[in-house]
Student: 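What follows is a structure written as structure tokens; I'll ask about it next.
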Amino acid sequence: MSLDLVQTLSDLVAIPSVNPMGRPLDGPEFYEERVTDYLQGLFERLGLAWQRQLVQPRRENIVARLDGAAGSTEVILLEAHQDTVPVDGMTIDPWKPKVDGGRLYGRGACDIKGGMTAMLGALARLAEERPRGMPTVIMACTVNEEHGYSGANELPKLWAAGAKSVVPRRPDVAIVAEPTELNVVVAHKGAVRWKCRTHGVAAHSSQPERGRNAIYAMGPVLAALERYAGELGAAIPAHPLCGRATLSVGTIQGGLSVNTVPDTCTIEIDRRLLPGEEALPAYKQALAYLEGLVPRELEVEHEHPYLLGIPLSDRDNGPLADRLVAVLRQTLGGGEKIGVPFGTNASRIAVAGVPTVVFGPGSINQAHTADEWLSLDELAKASDVLYRFLAHA
């Protein structure tokens with residue numbers, strides 16, 4: 001069965017699978033369950049063995065297996081996440097895919113339903129043509145990549161000792177779909193994120209002296225964090241592919257009303273980690289720095305991190321990357337190994353003992369945007385590269 005890439009991507013974009021990103025939101029547009037149902041139907045039409053893996057209510061990984069040719073022993077994992085970011089502020093209809101000027105517009109077109117479609121197209125072509133020497137291919141579509149990586153965390157359980165699953169054993173290598181402009185990502189940053197809160201005493205704003213303003217108390221914390229962020233680049237050696245470690249404050253909340261002295265103020269902090277760094281030590285280093293600059297009389301509370309994002313190291317994936325780059329250059333005439341500043345599921349799969357790289361159509365600059373789109377030419381090229389890589393693995 002051949003797969004129409006444009007129609008498949010249109011189908012996927014038209015099915016909302018919004019990640020609520022920790023917000024208390026519900027409704028038919030949230031969570032991945034309907035995309036999972038669509039993928040199950042597709043895998044059944046392709047004649048593949050498949051399995052759903054419950055991660056959370058309404059959120060299931062789905063995994064399918066295409067058995068390799070006789071005599072082939074390699075097992076290769078393809079992975080793409082099912083969820084998208086929210087649609088707040090979009091200037092186009094997010095779930096009515098539109099083709100215009102060689103691009104397909106809609107939420108998830110670039111991140112990451114385009115990359116998923118490229119993989120599905122290669123898988124369908126392999127199932128139909130059955131090239132000699134083809135490896136066993138596992139296609140995994142995971143949940144909750146955009147806010148916590150819980151789907152990718154659960155995935156390795158399918159090849160753990162004693163597991164009853166469609167995955168015959170631990171994959172030899174893996175390719176994760178993300179927009180990489182048809183280059184091969186061998187390293188990326190991780191992240192540690194946490195909330196910091198200052199405490200005060202509420203009072204009527206007509207008598208502010210009777211209270212203690214938690215927003216004012218956050219001022220020295222913010223100043224210290226800004227100073228720390230400026231010093232990180234010199235304190236931690238840059239990675240040759242991923243650049244420098246960074247820190248930023250992304251949100252601030254405080255106060256009930258303008259006529260009330262606020263008794264709490266909360267910020268969220270994002271510290272990006274380089275390959276070789278670990279999340280908890282980086283978190284503790286930041287807190288130790290703040291202790292030296294923030295007055296002790298301020299009531300400052302740092303919550304335990306709610307995200308511990310693992311960097312992807314280029315230590316173990318070189319041979320896989322070289323193989324994929326060779327196919328890229330043979331097929332498209334270009335392609336290189338690169339590092340990126342954002343995180344992916346690849347690091348979760350890599351720490352489970354599977355050498356992993358990231359590859360896909362589109363640019364991160366098109367992801368999460370108000371008019372998200374994907375080049376259909378890149379979609380076709382990505383799918384062809386994946387097919388050629390797998391057909392001759």
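The chain is numbered in sequence order, starting from 1. In what follows, every heavy atom counts, from backbone to side chain, and hydrogens, waters and symmetry copies are set aside.
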Student: Counting distance only, does the side-chain N/O of Arg65 pair as donor-acceptor with the main-chain N or O of Val166 below 3.5 Å?
Tutor: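 Yes, because the side chain of Arg65 sits within donor-acceptor range (under 3.5 Å) of the backbone of Val166.
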Student: For the residue pair Leu12 and Val35, establish whether any side-chain heavy-atom pair is separated by less than 4.5 Å.
Tutor: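 Side-chain contact under 4.5 Å: yes.
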Student: Ring-plane angle category for Tyr283 and Trp194, please: parallel below 30°, perpendicular beyond 60°, tilted otherwise.
Tutor: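 Rings of Tyr283 and Trp194: perpendicular, as their planes differ by over 60°.
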Student: Please determine which of Leu307, Leu155, Val143, Asn144 meets the side-chain contact (heavy atoms from CB on, under 4.5 Å) test together with Tyr149.
Tutor: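 Checked Leu307, Leu155, Val143, Asn144 against Tyr149; only one passes side-chain contact (heavy atoms from CB on, under 4.5 Å): Leu307.
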Student: Is it true that the side chains of Thr331 and Asp384 contain a donor and an acceptor less than 3.5 Å apart?
Tutor: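 Not at all, the side chains of Thr331 and Asp384 share no donor-acceptor pair under 3.5 Å.
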Student: Just one of Ser17, Pro57, Pro20 clears the side-chain contact (heavy atoms from CB on, under 4.5 Å) bar with Tyr31, so which one?
Tutor: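 Answer to the side-chain contact (heavy atoms from CB on, under 4.5 Å) test with Tyr31 among Ser17, Pro57, Pro20: Pro20.
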Student: Could you tell me whether a side-chain N or O of Ser72 sits under 3.5 Å from a main-chain N or O of Met134, the two making a donor and an acceptor?
Tutor: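 Judged by distance alone, yes, a pair lies under 3.5 Å.
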Student: Might you point out which heavy atoms bring Ala80 and Met139 nearest each other, and give the distance in Å?
Tutor: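 Distance-wise, the nearest heavy atoms are CB-CE, 4.5 Å.
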Student: Any chance you could measure Arg348, atom CZ, to Ile310, atom CD1, to the nearest 0.5 Å?
Tutor: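 CD1 of Ile310 is found 4.0 Å from CZ of Arg348.
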Student: Give every residue pair that meets the side-chain hydrogen bond (donor to acceptor under 3.5 Å, both in side chains) criterion with at least one member in residues 253-262, sequence neighbours excluded.
Tutor: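 Sorted result for residues 253-262: Ser257-Asn259, Ser257-Thr260.
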Student: Kindly say whether Gly250 contributes a backbone atom to a donor-acceptor pair with the side chain of Glu268 at under 3.5 angstrom?
Tutor: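 Absent.
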Student: Are side-chain heavy atoms of Ser10 and Leu104 found at a separation under 4.5 Å?
Tutor: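 Yes, at least one pair of side-chain atoms sits under 4.5 Å.
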Student: Locate the shortest heavy-atom distance separating Ala346 from His188; write the atom from each residue and the value.
Tutor: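 That closest heavy-atom pairing would be CB-NE2, 4.2 Å.
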Student: Taking atom CG of Leu290 and atom OH of Tyr228, what is their separation to the nearest 0.5 Å?
Tutor: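 Answer for the CG-OH pair, Leu290 versus Tyr228, is 8.5 Å.
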Student: Report, as yes or no, whether the 6.0 Å neighbourhood of atom CZ on Arg132 holds more than 12 heavy atoms from other residues, nucleotides or ligands.
Tutor: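 No.
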Student: Side chains of Pro156 and Ile349: closer than 4.5 Å at any heavy-atom pair?
Tutor: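 No, their side chains stay 4.5 Å or more apart.
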Student: About how many Å separate CG of Leu123 and CG of Leu390, when rounded to the nearest 0.5 Å?
Tutor: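 Rounded to the nearest 0.5 Å, the CG-CG separation comes out at 8.5 Å.
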Student: Does atom CZ of Arg23 have more than 12 heavy-atom neighbours from other groups under 6.0 Å away?
Tutor: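 Enclosed.
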Student: Taking side chain as C-beta onward, heavy atoms only, is Leu120 less than 4.5 Å from Leu42?
Tutor: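 SC-SC contact between Leu120 and Leu42 confirmed.
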Student: Report yes or no: does Thr142 contribute a side-chain atom to a donor-acceptor pair with the main-chain N or O of Asn61 at less than 3.5 Å?
Tutor: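 Answer holds: no.
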Student: Mind listing the closest non-hydrogen atom pair of Lys337 and Ala321 along with its distance?
Tutor: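 Closest heavy-atom pair between Lys337 and Ala321: CD-CB, 3.5 Å.
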Student: How far apart are the C-alpha atoms of Leu5 and Ser383, what are their side-chain angles, what is the distance that settles it, and do they pass the side-chain contact (heavy atoms from CB on, under 4.5 Å) test?
Tutor: CA-CA 9 Å; Leu5 296 178; Ser383 192; 3.9 Å; yes
Student: Arg107 vs Glu146, test: salt bridge (charged side-chain N to carboxylate O under 4.0 Å, His left out). Steps then yes/no.
Tutor: CA-CA 13 Å; Arg107 175 57 87 222; Glu146 297 288 0; over 6 Å; no
Student: For atom CZ of Arg315, decide whether the heavy atoms of other residues, nucleotides or ligands shown that lie under 6.0 angstrom number more than 12.
Tutor: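 Counting neighbours around CZ of Arg315, 12 or fewer heavy atoms of other residues, nucleotides or ligands fall under 6.0 Å, so no.
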Student: Taking the side chain as everything from C-beta on, heavy atoms only, tell me whether Leu247 gets closer than 4.5 Å to Tyr289.
Tutor: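 Contact flag for Leu247/Tyr289 side chains = no.
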Student: Check whether any side-chain N or O of Asn317 sits under 3.5 Å from a backbone N or O of Val357 as a donor-acceptor pair, and report yes or no.
Tutor: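 Answer holds: no.
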Student: Do Pro295 and Pro220 come within less than 4.5 Å of each other through their side chains, counting heavy atoms only?
Tutor: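 A side-chain contact under 4.5 Å exists here.
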Student: What are the two closest non-hydrogen atoms of Cys196 and Ile269, and how far apart are they?
Tutor: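 So the two residues come closest at CB-CD1, 4.0 Å.
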Student: Looking at Arg58 and Phe30, would you say the former's side chain and the latter's main chain have a donor-acceptor pair under 3.5 Å?
Tutor: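 Side chain of Arg58 to backbone of Phe30: a pair is present.
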Student: Report the distance from atom OG1 of Thr266 to atom CD of Glu303, rounding to the nearest 0.5 Å.
Tutor: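 Rounded to the nearest 0.5 Å, the OG1-CD separation comes to 7.5 Å.
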Student: Test side-chain contact (heavy atoms from CB on, under 4.5 Å) on Val340 and Ile364; report intermediate values, then the result.
Tutor: CA-CA 10 Å; Val340 293; Ile364 196 66; over 6 Å; no
Student: Look up atom CD in Glu278 and atom CG in Leu308, then write down how far apart they are to the nearest 0.5 Å.
Tutor: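 If we round to the nearest 0.5 Å, Glu278:CD and Leu308:CG are 10.5 Å apart.
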Student: Check Gln366 against Leu374 and note the closest heavy-atom contact, atom names and distance.
Tutor: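 In this case the closest contact between Gln366 and Leu374 is NE2-CA, 4.1 Å.
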Student: Can Ser2 and Glu128 be said to form a side chain to side chain donor-acceptor pair (under 3.5 Å), step by step?
Tutor: CA-CA 7 Å; Ser2 60; Glu128 183 177 38; 4.8 Å; no
Student: Quick one: pull up CG in Leu126 and CG in Leu66 and give me the separation to the nearest 0.5 Å.
Tutor: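 That separation rounds to 6.0 Å.
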Student: Here's a test for you: under salt bridge (Lys or Arg N to Asp or Glu O under 4.0 Å), which of Arg272, Arg271, Arg244 qualifies with Glu277?
Tutor: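 Only one option passes, and that is Arg271.
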Student: Does a side-chain heavy-atom distance below 4.5 Å link Trp373 with Ile92?
Tutor: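 They are not in contact (no side-chain heavy atoms under 4.5 Å apart), so the answer is no.
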Student: Does Thr136 use its side chain to pair, donor to acceptor, with the backbone of Val75 at less than 3.5 Å?
Tutor: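 No, Thr136 side chain to Val75 backbone: no donor-acceptor pair under 3.5 Å.
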Student: Contact between Leu39 and Gln82 at the side-chain level, heavy atoms closer than 4.5 Å - yes or no?
Tutor: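 Of all side-chain heavy-atom pairs linking Gln82 with Leu39, at least one is under 4.5 Å.
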Student: Tell me whether Glu372 contacts the main-chain N or O of Asp111 through its side chain, where contact means a donor paired with an acceptor under 3.5 Å.
Tutor: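 Confirmed, Glu372 side chain pairs with Asp111 backbone.
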Student: Would one find more than 12 heavy atoms of other residues, nucleotides or ligands at under 6.0 Å from atom CZ of Arg52?
Tutor: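 Buried by this count: over 12 neighbours within 6.0 Å.
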Student: Got more than 12 heavy atoms from elsewhere within 6.0 Å of CD, Glu231?
Tutor: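 Atom CD in Glu231 is packed in, count exceeds 12.
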Student: Check whether Asn183 reaches the backbone of Glu336 with its side chain - one donor and one acceptor, N or O, closer than 3.5 Å.
Tutor: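 Here the side-chain-to-backbone pair exists.
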Student: Return the minimal non-hydrogen interatomic distance between Ser150 and Gln56, and the atom names on each side.
Tutor: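 Shortest heavy-atom contact: OG-OE1, 4.2 Å.
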Student: Tell me if a side-chain donor or acceptor on Asp172 pairs with a main-chain N or O of Ile76 at a distance below 3.5 Å.
Tutor: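 The answer is no, because no donor-acceptor pair under 3.5 Å joins these two groups.
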Student: Please test Val261 against His204 for side-chain contact (heavy atoms from CB on, under 4.5 Å), starting from the C-alpha separation and ending with a verdict.
Tutor: CA-CA 6 Å; Val261 174; His204 196 282; over 6 Å; no
Student: Suppose the criterion is salt bridge (Lys or Arg N to Asp or Glu O under 4.0 Å): which pairs have a residue in residues 154-167, not counting sequence neighbours?
Tutor: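 Those involving residues 154-167 are Glu154-Lys157.
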